[in-house]
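Heavy-atom basis, side chains included; hydrogens, waters and symmetry copies ignored. Every chain is numbered from 1, with letters handed out A, B, ... down the list of sequences.
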Amino acid sequence: SEHRPGPRPKVSFPVQLHMTIQDRYEPAEVESAAQRAWEAAGTFVAREDAARPKYYCLCMFPYPSGHLHMGHVRNYTIGDVLARYMRMQGCNVLQPMGWDAFGLPAENAAIENGVAPARWTRDNIAHMKRQLQSLGFGIDWSRELATCDADYYKWNQWLFLRMLERGIAYQKTGVVNWDPVDQTVLANEQVIDGRGWRTGALIEKREIPMYYLRITQYSEELLAALDRLPDWPERVRAMQANWIGKSEGVNLSFPYETGGTRGELKVFTTRADTIMGVTFVAVAALHPLAELAASRDASVRAFVDECRRGSVMEADLATMDKKGIATGLSVRHPLTGAEVPVWVGNYVLMAYGEGAVMGVPGHDERDFAFAKKYDLAILPVIDVQGQPYSTAAWQDWYADYGRCVNSGAYDGLDYAAATDAIARDLEAKGLGRKQVVWRLRDWGISRQRYWGCPIPIIHCPACGAVPVPDEQLPVRLPEDLVPDGSGNPLAKHPAFYECRCPQCGAAARRETDTMDTFVDSSWYFFRFASAGNERAMVDERAAYWLPVDQYIGGIEHAILHLLYSRFWTRVMRDCGLTRLDEPFQRLLTQGMVLNEIWFRKPASGRIAYYNPAEITAKADGERRTGVLNSDGAPVEYGGIGTMSKSRRNGVDPQALVDRYGADTARLFMMFAAPPEHTLEWSDEGVEGAFRFMKRLWKIVHAHVQGGPAGRPDLPALDPTQRALRRQVHQTLAKVGDDIGRRRTFNTAIAAVMELLNALARFSDSSAQGRAVMQEALDLVVLMLAPFVPHASHAMWQGLGHATAVVDERWPAADESALVQDTIELVVQVNGKLRGRVPVPAGADEAVARAAALADPGVAKFVAGQPVRKLIYVPGKLVNVVI
RNA sequence: GCCGGGGUGGUGGAAUUGGUAGACACAGCAGACUCAAAAUCUGCCGACCGCAAGGUCAUGCGAGUUCGAUUCUCGCCCUCGGCACCA
């Protein structure tokens, strides 16, 4: 453990007898006392209770990397603030926690240190759990789970078998990165500049059999249902819609005959109206026609092989130089019968559409560039409002919709009419029809890795792929293997893979692939609500708690994790395990926590990263430069990026907690930025939050020392007391709105800080003054309880309450305290601020106008000119237009 | 490249429905307290002009709509996230 208590001065007694809080703010003592109190009372153990409104508050569970990072602190503090706030609203709150415990880092650690992934993972979990507990999150730990526990992943396997039965899970080949030296499949992350990260060997693409989940069967539903998620951020819904990517277009066939074989090259297009402008077709390197041409021509073979060595990532495909080679084959245009050459293009995706595209250089930018490069014909066939077309250079409007020209029978038709006519003619010839195509692809879940959930299949020489019978579940992952980086350890472990066929009893081989870890995280929120059930995946407790009322997690999960969870929930629904369509009612996507990146890149060897804390940085004109503290030599600045282990730019939250306490760490995290913003980390500023805590503590302490205070006698308050009380209740209303509706925790905290500044200035030791102060401090502590629960716990008792603040209700603002007789109107002349005038609240326009024009500052600018117009926004402003 | 965010003082940010730009903090400067330091407290703190009163400019850049634009529209620049085997 790296938990080292930081230097902290010891408290000095004596404490007077009638005081219940110490004179000095000591977070370590306050926090452990509060945590002990919650633990003893079982405060956060959630029980199903039909009589109360339930509130399931869930944060994305962490990968147990070993240490909490700032993103976790941000995520779980947001969740805890909402959970505690909803509890104060009277809700029955469930806030569980678990571990997304399978994955690649455990194997990497094993390769580096020789420790078994199971051991490494469980040690990390133990450490991170202590860290979470020290932050005082109100978590129901009785429901804790780890996805590497057999009683969890058993149900992955069980539902996978149900999916096989229903045809949702199926087997087909998929493309992977293959390291020829280590004889192993690599993750995209392990491929650097086309080479294996450990071996440096050139990576090949390889096709292997894998299991897929038919998420595309739910495309339409997953897309349509986005409209019924009003409490999801607009941007997440937009990203998912684009990911699912519904396009309506035309599927058409180019017939061909070569060397005695007849066939049809299938192509999908959303621009069938440009079909008369086709001058070539391009196929993916993995397309059968490319393979056919390669078998006949060495240069095509070489090009196809080169493409196959390239990256499998879409981002790389989209940005690489567009290259191609003529196959020497040709196909016939489906409408004109003209001969069209077939090319292989490195930019054509095998996984989208048909793995082939029709080339219309006249109206597609990529095709245009390709035609220019390889001297292919460019044929304009769309007229965009008579604009002059030149093949010399691409213009953006070339891709716009217009009317067909040079298109024979289709001339003069617009996009819709041309598409209809062309689709009809193609259909008459049996060479095409309208079709909807989705960008979404089926979800490949096979991973050739050890530290994951085994896929419950047995391969029998006679019976083929046989599902493991339910009663043999779980297929347990042996926990004592240590991967060495070459191949999958399961495939080298006969005790695991040697087995009998469940159907015929013959010797058979167990599947050694494991599941994508996204499977684990696609339904864990159900399991929290059915914790410990050994007989069923979910039970009636899930029906009580689900859906998750508030889900909170990083924006980086906006697509994959959330989409897979929505899909998995629907599969569970179709299997009768839930009645829900959607698992997450409301979603908050927190921004990422970023930090500076500093590195050195030696002429040879691997790039070395340094933590910003080890760097002294300065601005050198436009450039930012820095030196490493330990050797004084320069380091390069790599900009701002997510905190990551590989870039060594993480900040350890434990140091903050040790130095300032959990409350300060939580408070600062929530104050630094609104939750959805990305946050550039800075150590400075934490001091401000700590100062606030000390100030608050001091004011509470000073007030308590004056002895018990009564309740304010409202009609007897003087104007100063009345004004303070108004601010208190204004703040209360704002803070409730900021937390409950707007989720802008930073402004809620700022409002309380402003109030505290007012309380510090308020020195009134009269009975009424002290009564107003008591009410104010009570409310301040209640308002802050979700943010700084430990200090609030202590101060609440210090203020003379016998209850625990965690069990208190959120107070309602006193409307009568908010009433004001006179308000200040802002006066503008031609939109520029020229004065402020007091008017009675509710003044009509005539009164406001008279008051505004009478103001000397305003009169100076009006200067006798006629008022052309006067805008009056009641209660706010007057704009005099002259 | 495609998809989605973001850009406001030296810094993080505020301005909630188109209505006072810079709340609240951080850093900095000055002062009080102190033998001294720390801590604490008080004041100042966008730029420019001005002795001042006050004025002008200013929310990435360029246009537009409006009595009024940080907010709406269009174009551009920079930056961050995702792109299907990192989680």
- line: The nucleotide from B/A84, B/C80, B/A87 with an atom nearest the side chain of A/L594 is B/C80
message: Among A/N108, A/D182, A/N177, which residue satisfies the side-chain contact (heavy atoms from CB on, under 4.5 Å) criterion with A/Q190?
response: A/N108
message: Measuring only the C1' atom in each nucleotide, how far is B/C72 from B/U17? A whole number of Å is fine.
response: 12 Å
task: Measure distances between side-chain N and O atoms of A/N242 and base N and O atoms of B/C3, and say whether any donor-acceptor pair falls under 3.5 Å.
output: no
- prompt: When you measure from the side chain of A/T678, which nucleotide among B/G19, B/G13, B/C80 comes out closest?
  reply: B/C80
- prompt: Is a donor on one side and an acceptor on the other found under 3.5 Å between the side chain of A/D364 and the backbone of A/A399?
  reply: no
task: Could you check how far CG of A/L756 sits from P of B/A23, rounded to whole Å?
output: 18 Å
statement: Against the side chain of A/N746, the closest entry in B/G1, B/G13, B/C86 is B/G13
- prompt: Start at the 5' end of RNA chain B and walk down; is the nucleotide closest to A/E684 or to A/F861 reached first?
  reply: A/E684
- prompt: Does A/N757 make a side-chain N or O approach to OP1 or OP2 of B/A25 shorter than 4.0 Å?
  reply: yes
- prompt: Does A/Y25 have A/K694 sitting over its ring (NZ/CZ under 6.0 Å from centre, angle to axis within 45°)?
  reply: no
- request: Find the distance A/K734:NZ to B/C24:P and express it as a whole number of Å.
  value: 13 Å
task: Figure out the CZ/P separation between A/F518 and B/C86, and round it to whole Å.
output: 8 Å
message: Using Watson-Crick or G-U wobble geometry with both distances under 3.5 Å, which nucleotide pairs with B/A30?
response: B/U42
query: Does a side-chain heavy-atom distance below 4.5 Å link A/I552 with A/L58?
result: no
- request: Indicate whether OP1 or OP2 belonging to B/A69 is found under 4.0 Å from a side-chain N or O atom of A/K832.
  value: no
query: Given B/C26, is OP1 or OP2 found less than 4.0 Å from the side-chain N or O atoms of A/R691?
result: yes
task: Check the distance between B/A21's P and A/Q828's CD and give it to me in whole angstrom.
output: 7 Å
query: OP1, OP2 of B/U40 versus side-chain N and O of A/K694: anything below 4.0 Å?
result: yes
Rounded C1' spacing from B/A21 to B/U16 in Å: 15 Å
message: Within the 4.0 Å heavy-atom criterion, would you say A/R235 contacts the bases, only the backbone, or no part of the nucleic acid?
response: sugar-phosphate
field: Residue-phosphate contact under 4.0 Å: A/T747 side-chain N/O, B/A14 OP1/OP2
entry: no
message: Without decimals, in angstroms, what is the distance between A/R834 CZ and B/G19 P?
response: 20 Å
Distance between P atoms of B/A69 and B/G5 (Å, rounded): 25 Å
query: Which nucleotide in the set B/U16, B/A87, B/C67 lies at the smallest distance from any side-chain heavy atom of A/L104?
result: B/A87
message: Counting only side-chain nitrogens and oxygens, does A/K876 get under 4.0 Å of the OP1 or OP2 atom of B/G19?
response: no
task: Any chance you could measure A/E189, atom CD, to A/L186, atom CG, to the nearest 0.5 Å?
output: 11.0 Å
field: Between B/U40 (P) and A/F692 (CZ): distance, integer Å
entry: 14 Å
- request: Determine the Euclidean distance between corresponding P atoms of B/U73 and B/U66; express it in Å to zero decimal places.
  value: 16 Å
query: Taking the side chain of A/P674 as its heavy atoms from C-beta onward, which of B/G13, B/U16, B/U56 lies nearest to it?
result: B/G13
Considering all heavy atoms, the nearest A/A558-A/V236 contact: O-CG1, 3.6 Å
query: Is the distance from OP1 or OP2 of B/A15 to the nearest side-chain N or O of A/R742 less than 4.0 Å?
result: yes
task: Starting at atom CE of A/M60, determine the distance to atom C1' of B/G81, rounded to an integer number of angstrom.
output: 13 Å
message: Within 90° of 0 counts as syn, otherwise anti: where does B/G68 fall?
response: anti
task: Give a yes or no on whether a donor-acceptor pair under 3.5 Å exists between the nucleobase atoms of B/U16, that is its base, and the side chain of A/R741.
output: yes
Length of the line joining A/L679:CG and B/G13:P, which is rounded to integer Å: 7 Å
message: Using side-chain heavy atoms (C-beta onward) and a distance below 4.5 Å, is A/F370 in contact with A/Y347?
response: yes
